[in-house]
Amino acid sequence: MCTLEKRGNIYVLTLTGTNEHRLNAPLLDSLQSTLRRLRSETAGGGGPCALITTAHGNYFSNGYDLDWAGSNEDRLLLMATKLRSLVKDLISLPMPTIAAVSGHASTGGFVLALCHDYVLMRKDRGYLYVTDLDIGLVVPAWFGTFLRCKIGSPAVWRDVVMRAEKMTAEVAVQKGVIESAHGSAAETVRAAVALGEQLVGRKWDGHVCYIDS
């Protein structure tokens, strides 16, 4: 499922195995349980820290596990509900977060990556895209709203949600969707660790500040 490793002030959450890391209820539960553990471990102080999320193999996450869901509408709804809950937990985590995207990230996997404050990606393999549009699945309204919040350019958002554009890491950097592209999965993780150390150096105290405009 997933593991959590502490490297100094950096936590590394890894989706394990060489499969496609498709999002089904067991995997989503494992991720959410790991985030609860992380939140608990860091609640008592111990200094600033950061989270990096990455995955083994050629996929970061290939979206919903449609084989697990089958034709069961309740399972499809369950996956959507659990992913939305995971999104909430990730974006409210009281520390900087970095996705080190190790390969393909489609639909739910794309959303999972964009939940992080920074997205870094390998450039030798993988696409970011909303594959559900190509197979005739209805994309939930909250997906579109979330992507609109995370993708600054209206034209880029339009192409992602209407044309299911497949973006390589280098194209995603050019379009302002991700932070940077790197030569391999290992280089992406190293860059994420370096960025995490820089952010930790700013001595985050875990409080989120909201500015009322």
Side-chain angles (χ1 to χ4, degrees), residues 1-16 21 23 25-56 60-61 78-102 105 107-121 128 140 142-152 172 176-180 182 185 188-213:
M1 291 294 183
C2 67
T3 61
L4 185 66
E5 175 190 1
K6 191 172 188 292
R7 305 181 188 175
N9 292 94
I10 307 294
Y11 286 87
V12 181
L13 190 163
T14 304
L15 281 68
T16 57
H21 308 296
L23 301 174
L27 178 54
L28 290 164
D29 284 343
S30 178
L31 288 167
Q32 200 155 26
S33 175
T34 301
L35 290 182
R36 284 196 296 268
R37 173 187 155 199
L38 173 59
R39 199 180 285 264
S40 176
E41 284 186 11
T42 57
C49 55
L51 171 69
I52 295 169
T53 302
T54 190
H56 290 156
F60 181 74
S61 171
L78 181 64
M79 287 191 301
T81 301
K82 286 182 177 293
L83 177 58
R84 192 168 184 175
S85 180
L86 178 63
V87 167
K88 179 181 176 182
D89 284 353
L90 260 171
I91 64 178
S92 66
L93 203 63
M95 64 187 69
T97 58
I98 306 162
V101 179
S102 52
T107 313
F110 189 8
V111 167
L112 177 62
L114 291 181
C115 287
H116 297 74
D117 300 313
Y118 295 87
V119 182
L120 283 58
M121 184 177 175
L128 301 171
W142 73 267
F143 262 53
T145 301
F146 175 83
L147 292 171
R148 189 186 290 274
C149 291
K150 284 291 190 171
I151 298 174
V177 177
I178 69 172
E179 185 74 12
S180 57
H182 304 273
T188 305
V189 172
R190 285 195 292 270
V193 170
L195 174 59
E197 290 172 345
Q198 292 175 14
L199 294 168
V200 166
R202 295 187 60 83
K203 303 187 185 302
W204 293 86
D205 63 5
H207 292 289
V208 179
C209 178
Y210 293 95
I211 300 175
D212 186 358
S213 59

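Side chains included, hydrogens not; waters and symmetry mates left out as well; all remaining heavy atoms used. Along the sequence shown, residues are numbered consecutively beginning with 1.
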Hey, does [Y] have a side-chain heavy atom less than 4.5 Å from the side chain of [X]?
X	Y	result
Cys115	Lys150	no
Pro96	Gln198	no
Met1	Pro26	yes
Leu28	Leu78	no
Ile52	Leu120	no
Leu83	Leu23	yes
Phe60	Leu128	no

Starting from the C-alpha separation in whole Å, work towards a yes-or-no answer on side chain to side chain contact (heavy atoms under 4.5 Å, CB included) for Leu86 and Lys82. CA-CA 6 Å; Leu86 178 63; Lys82 286 182 177 293; over 6 Å; no
About how many Å separate [atom2] of [Y] and [atom1] of [X], when rounded to the nearest 0.5 Å?
X	Y	atom1	atom2	answer
Ile98	Thr54	CD1	OG1	11.5 Å
Ile91	Leu114	CD1	CG	11.5 Å
Asn9	Lys203	CG	NZ	9.5 Å
Lys6	Leu38	NZ	CG	10.0 Å
Ser30	Leu35	OG	CG	9.5 Å
Leu31	Arg36	CG	CZ	11.0 Å

Please name the pair of heavy atoms, one in [X] and one in [Y], separated by the smallest distance, quoted to 0.1 Å.
X	Y	value
Thr16	Cys2	OG1-N, 3.9 Å
Met95	Cys49	CB-O, 3.4 Å
His56	His21	O-NE2, 2.8 Å
Met79	Ala25	CG-N, 4.4 Å
Asp89	Gln32	OD2-NE2, 2.7 Å
Ala99	Ala113	CB-O, 3.7 Å

Stepwise, does the side chain to side chain contact (heavy atoms under 4.5 Å, CB included) test hold for Val12 with Arg7? CA-CA 7 Å; Val12 181; Arg7 305 181 188 175; 3.8 Å; yes
According to salt bridge (charged side-chain N to carboxylate O under 4.0 Å, His left out), who are the partners of Glu41, at least two apart in sequence or on a separate chain?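 By the salt bridge (charged side-chain N to carboxylate O under 4.0 Å, His left out) rule, Glu41 matches Arg37.
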Residues Val177, Phe110; criterion side chain to side chain contact (heavy atoms under 4.5 Å, CB included); working and verdict: CA-CA 11 Å; Val177 177; Phe110 189 8; 4.3 Å; yes
Among residues two or more places apart or on two chains, list those pairs meeting side-chain hydrogen bond (donor to acceptor under 3.5 Å, both in side chains) that have a residue in residues 112-121.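 Every side-chain hydrogen bond (donor to acceptor under 3.5 Å, both in side chains) pair that includes a residue of residues 112-121, provided the two are not neighbours, is Thr53-His116, Thr97-Asp117.
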Take Ile10 and Val200 through the side chain to side chain contact (heavy atoms under 4.5 Å, CB included) test and state the conclusion after the steps. CA-CA 8 Å; Ile10 307 294; Val200 166; 3.9 Å; yes
